[in-house]
2 protein chains.
Amino acid sequence: MGQATMQARIQRPSPIADDGNEQRFCSTCAFGSVCSGGGVDKIALHELHCLVEHVGGYRNGDTVFRTGDRFNAIYAVRSGAVKTRLVDLEGRELVLGFHLPGELVGLNAIDPEAYPCDAVALSEVEVCRFSFPALATLATRMPAIQLELFRRLSRDIGNAALLAGDYSADERLAAFLIGLGRRYAERGFPMHTLNLAMSRGDIANYLRLAAETVSRVLRRFQDRGLIQVDGRHVTIADPTELFELARPILSR
Amino acid sequence: MGQATMQARIQRPSPIADDGNEQRFCSTCAFGSVCSGGGVDKIALHELHCLVEHVGGYRNGDTVFRTGDRFNAIYAVRSGAVKTRLVDLEGRELVLGFHLPGELVGLNAIDPEAYPCDAVALSEVEVCRFSFPALATLATRMPAIQLELFRRLSRDIGNAALLAGDYSADERLAAFLIGLGRRYAERGFPMHTLNLAMSRGDIANYLRLAAETVSRVLRRFQDRGLIQVDGRHVTIADPTELFELARPILSR
DNA sequence: CCGCCACCTTGATCCACGTCAACACGGCCG
DNA sequence: CGGCCGTGTTGACGTGGATCAAGGTGGCGG
């Protein structure tokens, strides 16, 4: 099963955020909960809406920002998928994470004041760009936005720690698939029909495994009836059993 | 070389933050940079100083907060050392991090609104307690404090990702020692004379190694003349060489 | 003082996963 | 069309570090 076929399949039900308007803003956007959560005055919402800058046209392999670029904005993925990665001195890649529509990228750049990693498009990608100084200023006037930022940052700390444990390949992969399903579901997409935007190599790299191991484990999962694999299209056939495997990681 | 001997040795040059005052606040405190950085008006500084609550008297093994406790405050270590850890369903411990004087604990609890881990004293410990709602409110009036919080959160994301790579035992341990030295140095303590507050088991657990491996690697480092080991007292004899070992991790 | 216990060290064995190698597939381009 | 390349799969083999086991040390309580 080939690569381009899969690519096409990914695009079909493209997880794209709607454009929203000043009252609803982007419905799948990172700040959706702030805006739709009520209690947010329309003036501030208007300001948030004005603040954002839509950037699109990235294609597979394009970089949204690079390691060392001066930090001045955080990004929310609008459509497509983005990976963050760093490349060490020997040229080896280290994938830090994948970012789906509605998720924020660049939060780890606030402290060093320079992006500590590259953000690379895994497909056609559109993003929202938030000037960080402007966002921070707005946050002082809008506690709901400040809190949402604190929350997102806090969550990322937890997520980063998830992978750090010494888990088996099976546990890692199970947790990865379940986690991906949940994140899709959060944005209103089917939970058990995954269209992976990333290659086996990227997954392996992210999970700190060899690409061959990822292949083998997926095979084994399929043989056990836990999932159906068809290239980059994965269906979770037995969610409870898969979750059971992932429990050591997911139940923290 | 015994355990209690080491404990005593740790206490001697106890890394305790001074009490500060309303103009200087705690000099080694988490918000030291905010306060001493100028541009902070005295009224707000006064408020920050009022906000904090000093809590002490923790002894080795005491818990500052527990997994599942409702989140309402973040803590700054004033003296001693604290580990954060979680205990999985099978009762196995997973050490998330060590916190030295001046460092913040509990930032990963903002999002779940409950502490996702235990914070356990590794020695006699004193902390500053900051009510989070009060701190967040203050942050809306004091952009410098807001920014400092954003920074701390952002930094923790990066730190959490450091360990996640698939590094060798040697690399991990070298990076651990160098990192510890740097953090001590930040607070004005000697960089190459480390008094470990934590057991080999804790270090191993934190680095995702077996305790036996930690012993063996430390032995090997000593045989190579990189460090001097005497129980929990470690002297870095060859910083440059040790750093070279840790480079794949530390130079990100 | 003795016995227990927590911590640390060292050696022997084992195994999960990485590495190496070979091959299959489809896309793309000349 | 044919060659090439990126991606994915599968098998054979090697190894870093976990695990198991045994012993050493000092502190502390009885």
Side-chain angles (χ1 to χ4, degrees), chain A residues 1-11 59-61 83 90 92-95 120 122-123 165-174 196-223 227 229-234 245 248, chain B residues 1-11 59-61 83 90 92-95 120 122-123 165-174 196-223 227 229-234 245 248:
Chain A
M1 193 57 54
Q3 150 82 358
T5 320
M6 292 304 112
Q7 285 296 82
R9 205 172 300 174
I10 291 159
Q11 303 308 342
R59 329 198 96 238
N60 196 330
K83 75 172 170 185
E90 287 82 30
R92 286 173 311 202
E93 187 177 2
L94 182 66
V95 174
V120 181
L122 292 174
S123 60
D166 59 340
Y167 303 107
S168 71
D170 285 23
E171 289 167 336
R172 281 170 196 274
L173 220 18
L196 307 182
M198 66 296 285
S199 71
R200 298 286 192 271
D202 281 340
I203 297 173
N205 196 315
Y206 173 65
L207 297 177
R208 279 56 172 162
L209 299 171
E212 293 92 328
T213 304
V214 171
S215 263
R216 281 189 258 262
V217 173
L218 288 179
R219 190 81 175 51
R220 196 147 18 90
F221 281 1
Q222 178 162 262
D223 291 348
I227 60 176
V229 183
D230 175 17
R232 293 193 180 186
H233 181 77
V234 174
L245 272 176
Chain B
M1 193 55 56
Q3 148 84 357
T5 320
M6 293 305 110
Q7 284 296 82
R9 203 173 300 176
I10 292 160
Q11 303 309 343
R59 328 197 98 239
N60 196 329
K83 74 173 170 184
E90 287 82 31
R92 288 173 311 202
E93 187 177 1
L94 182 67
V95 174
V120 180
L122 291 173
S123 59
D166 59 341
Y167 303 109
S168 71
D170 285 23
E171 289 167 336
R172 282 171 194 273
L173 221 18
L196 307 181
M198 66 295 285
S199 72
R200 298 286 192 275
D202 281 340
I203 297 173
N205 196 315
Y206 173 65
L207 298 177
R208 280 56 171 158
L209 300 170
E212 293 92 328
T213 304
V214 171
S215 263
R216 280 188 258 263
V217 173
L218 288 179
R219 190 78 173 53
R220 197 148 17 91
F221 281 1
Q222 178 163 264
D223 292 348
I227 59 176
V229 183
D230 175 16
R232 294 193 179 185
H233 182 78
V234 175
L245 273 177

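Computed from heavy atoms alone, side chains included, the values below leave out hydrogens, waters and symmetry copies. Every chain is numbered from 1 and lettered A, B, ... according to where its sequence line falls, protein lines coming before strand lines.
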Calculate the interatomic distance between A:D166 atom CG and C:dC17 atom P; express it in whole Å.
11 Å

Out of D:dG8, C:dG11, D:dG17, whichever nucleotide has its closest atom nearest the side chain of B:A169
D:dG17

Rounding to a whole Å, what distance do you find between A:L218:CG and C:dC17:C1'?
15 Å

Distance-only donor-acceptor pairs under 3.5 Å for side chains of residues 210-217 of chain A, two or more places apart:
none

Most 5' of B:A211 and A:V229 on DNA chain D, judged by nearest nucleotide
A:V229

Base C:dG18 paired with A:R216 side chain (donor-acceptor, <3.5 Å):
no

For residues 197-209 of chain B, which residue pairs qualify under salt bridge (charged side-chain N to carboxylate O under 4.0 Å, His left out), counting only residues two or more places apart or in two chains?
B:K83-B:D202

With a cut-off of less than 4.0 Å, is there a side-chain N or O of A:S168 near OP1 or OP2 of C:dA16?
no

For A:E212 and D:dG8, what is the distance between atoms CD and P respectively, to the nearest whole Å?
12 Å

Between D:dT15 atom C1' and B:D170 atom CG, what is the distance in whole Å?
14 Å

Rounded interatomic separation in angstrom, taking CG from A:N60 and P from D:dT7:
9 Å

Check every strand shown and say whether B:A210 touches a base, only sugar-phosphate, or nothing at a heavy-atom separation below 4.0 Å.
base

Confirm from the modelled atom types if B:R220 and C:dT9 form a donor-acceptor pair under 3.5 Å, side chain to base only.
no

Nearest-Å distance for atom pair CG/P, residues A:L209 and D:dG8
15 Å

Give the rounded distance in Å between these two atoms: OH of A:Y167 and C1' of D:dA18.
17 Å

Counting only side-chain heavy atoms from C-beta out, which of D:dG8, D:dT10, C:dC7 sits nearest to B:R232?
C:dC7

Between CG of B:D202 and P of C:dC7 the distance, given in whole Å, is 8 Å

Once you apply a heavy-atom cut-off of 4.0 Å, does A:R219 come out as touching a base, just sugar-phosphate, or nothing?
sugar-phosphate

Can a side chain N or O of B:R200 be found less than 4.0 Å away from OP1 or OP2 on C:dA6?
no

With a 4.0 Å cut-off on heavy atoms, is A:R208 in touch with a base, just the backbone sugar-phosphate, or nothing at all?
sugar-phosphate

Residue pair B:Q222, B:L218: steps toward the side-chain contact (heavy atoms from CB on, under 4.5 Å) verdict:
CA-CA 6 Å; B:Q222 178 163 264; B:L218 288 179; over 6 Å; no

Does A:I203 reach the side chain of A:L173, with side-chain heavy atoms less than 4.5 Å apart?
yes

B:S215 side-chain N/O to C:dC8 phosphate OP1/OP2 under 4.0 Å
no

Does B:V95 reach the side chain of B:M198, with side-chain heavy atoms less than 4.5 Å apart?
no

